[in-house]
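Working notes, beginning with the structure itself.
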Amino acid sequence: MSLAKRIIPCLDVTDGRVVKGVNFVELRDAGDPVEIARRYNDQGADELTFLDITASSDNRDLILHIIEDVSSQVFIPLTVGGGVRQVEDVRRLLNAGADKVSINTSAVLNPQLVADASGHYGAQCIVVAIDAKRVDSPDDNPRWEVFTHGGRKPTGLEVISWAKKMQELGAGEILLTSMDRDGTKNGFDIPLTRAVSDAVDIPVIASGGVGNLDHLVAGILKGHADAVLAASIFHYGEYTIQQAKQRMAEHGIEVRL
Amino acid sequence: MTDIAIVDYGMGNLRSVHKALEHVAPNTSVVVTNDPAVVNQAKRVVVPGQGAMPNCMHELKMYGLQDAVIQSAKTKPFLGICIGLQMLFEESEEGHVKGLNILPGKVVHFPAEAMITPEGQKLKVPHMGWNQVYQTIDHPLWEGIAKDARFYFVHSYYVDTPDENSIAAQSQYPFSFTCAVAKDNIFAVQFHPEKSHTAGLTLLRNFSNWTPET
């Protein structure tokens, strides 16, 4: 027996409220982050990820209150991403109660931010989020490119070498999202997940495309992911986290039940 | 008078430790402090720590807290968490920094060549996530916790001690390593009880009630 593979529900936050159709039965206020976090915690979530999708920078600090509230009452690891641009942003999120901070676009625009934040606060709290899209390659070998701005902006960076570079600069974990699969419910991009996970020595979280519990199993067994992240299958009440863990355990995957 | 002092030397988030202790011990006064006098007067002391051990040792000295921490570790119920465990030992491979030298042993990195399972699967470093903690002794801080309960870990270095009597628990990744030590009034863990849900909260509650045998 050894380290358990992790299941991480992802919650979207805007203007200080959890949005994106959380549909728990008996939930009094569907947007109350503490109550949502507590439900997922009760179901056996191994960590929680909050993604700040607030458009206006004026309201971005509102997520700090959410993290303060949740971290005072739900005692499992919390990751926060979205709009992290400078070391000061990392500091404020950690002080609010985040255990890990996820850096996406800013890691591309300013890779030194990853090195600075990791150097100061330690690799254990720096997650680099990579949005990957498959692109044509002249020799027909699969090739994925890093995109930013929610998958709209190509960067010219090749995903596997980018992931390795992020590890070298001090990332402690990679959150890998397939933009081709995100929202499709067709399952993870397994070749992408496996290629990145095998190429780096730090943990990789697979994300994008989960539509059923077998997709989670495939992410671990075929994609070699260390953790799986999903939003809609849990939010809309299709499956509980406990069901997901039981399915994984049936396939011989070590989980925390 | 402060019941529990959480030593703040500027390394990362102490909020979770603070809130978790308040949660399990609502009638005690728990303070986060960088004042050596407060640490010296407290009945119990918690030393957390995250990030790199050289930075932690440097900051501990800069804040003038080193003597108060050493004194606490010698005299009263003391809980070290993560780097707060590692700094109790002689030295760390991380930056080849000296520790507080209260317990014998060294802090070493998970060796890259060993990070593979018997089935041939690569294991990642940091060791991140929920792993089983196998208790090797009976101890008041283990009370009410399953002997193989899962706790949350995130670390790349671990403690290697020659003093087998001080080992309180081990974990496997992929080999056995010491993840908790207990000696007299000291209890220290590599994992994060403040992030380990029920098992972690139970351990913190046990600490808040613990009276070491003299």
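Just so we're clear, the structure is a prediction, and the values are computed from it rather than from any experiment. Every chain is numbered from 1 and lettered A, B, ... according to where its sequence line falls, protein lines coming before strand lines.
- Taking a 6.0 Å sphere around CD of A/E88, one finds it holds more than 12 heavy atoms contributed by other residues, nucleotides or ligands.
- In this structure, the side chain of B/W130 does not engage the main chain of A/L3 through any donor-acceptor pair within 3.5 Å.
- When the options B/H23, B/E194, B/K195 are evaluated for a side chain to side chain contact (heavy atoms under 4.5 Å, CB included) with A/F75, the one that passes is B/H23.
- By the 6.0 Å contact criterion, NZ on B/K76 is enclosed, its count of non-hydrogen atoms from other residues, nucleotides or ligands being greater than 12.
- For chain B, the nearby parts of A/D46 are the backbone and the side chain; heavy atoms of each come within less than 4.5 Å.
- A/S2 places none of its side-chain heavy atoms less than 4.5 Å from the side chain of B/P174.
- By number of non-hydrogen pairs under 4.5 angstrom with chain B, the leading residue of A/P77, A/C125, A/S118 is A/P77.
- If you measure heavy-atom distances from B/Q121 to chain A, the contacts under 4.5 Å come from the side chain alone.
- With a 4.5 angstrom heavy-atom cutoff, B/S196 touches chain A only via backbone atoms.
- For A/N41, the side-chain contact (heavy atoms from CB on, under 4.5 Å) criterion is met by A/V74, A/I76, B/H197, not counting sequence neighbours.
- Scanning both residues, A/G97 and B/S16, for their nearest heavy atoms gives O-OG, 4.2 Å.
- With a 4.5 Å cut-off on non-hydrogen atoms, A/A96 touches chain B through its backbone but not through its side chain.
- Using a 4.5 Å cut-off between heavy atoms, A/V204 contacts chain B through both its backbone and its side chain.
- Both the backbone and the side chain of A/A4 come within contact range of chain B, judged by heavy atoms closer than 4.5 Å.
- Heavy-atom contacts from other residues, nucleotides or ligands closer than 6.0 Å to NE2 of B/H139 number more than 12.
- We find that B/K19 and A/E68 are not joined by a salt bridge, their nearest charged nitrogen and carboxylate oxygen being 4.0 Å or further apart.
- Side-chain atoms of B/M128 and A/K100, non-hydrogen and from C-beta on, do get closer than 4.5 Å to each other.
- Minimum heavy-atom separation, B/P126 to A/P203: O-CG, 3.8 Å.
- A salt bridge does not link A/D201 with B/K124: every distance from a Lys NZ or Arg NE/NH1/NH2 to an Asp or Glu carboxylate oxygen is 4.0 Å or more.
- Closest approach of A/I202 to B/V125, counting heavy atoms only: CG2-O, 3.4 Å.
- Defined by atom type and a distance below 3.5 Å, a donor-acceptor pair is missing between the side-chain atoms of B/K122 and A/S197.
- For A/Q86, the CD atom is densely surrounded, since the number of other residues' heavy atoms within 6.0 Å is greater than 12.
- When B/A112, B/G51, B/P193, B/G129 are compared by the number of non-hydrogen pairs under 4.5 Å with chain A, B/G51 comes out ahead.
- Residues A/Q124 and B/H155 form no side-chain contact, since every pair of their non-hydrogen atoms from C-beta on lies 4.5 Å or further apart.
- Both the backbone and the side chain of A/R256 have a heavy atom closer than 4.5 Å to some heavy atom of chain B.
- A/L94 is not listed as a side-chain neighbour of B/R15, based on a closest heavy-atom distance of 4.5 Å or more.
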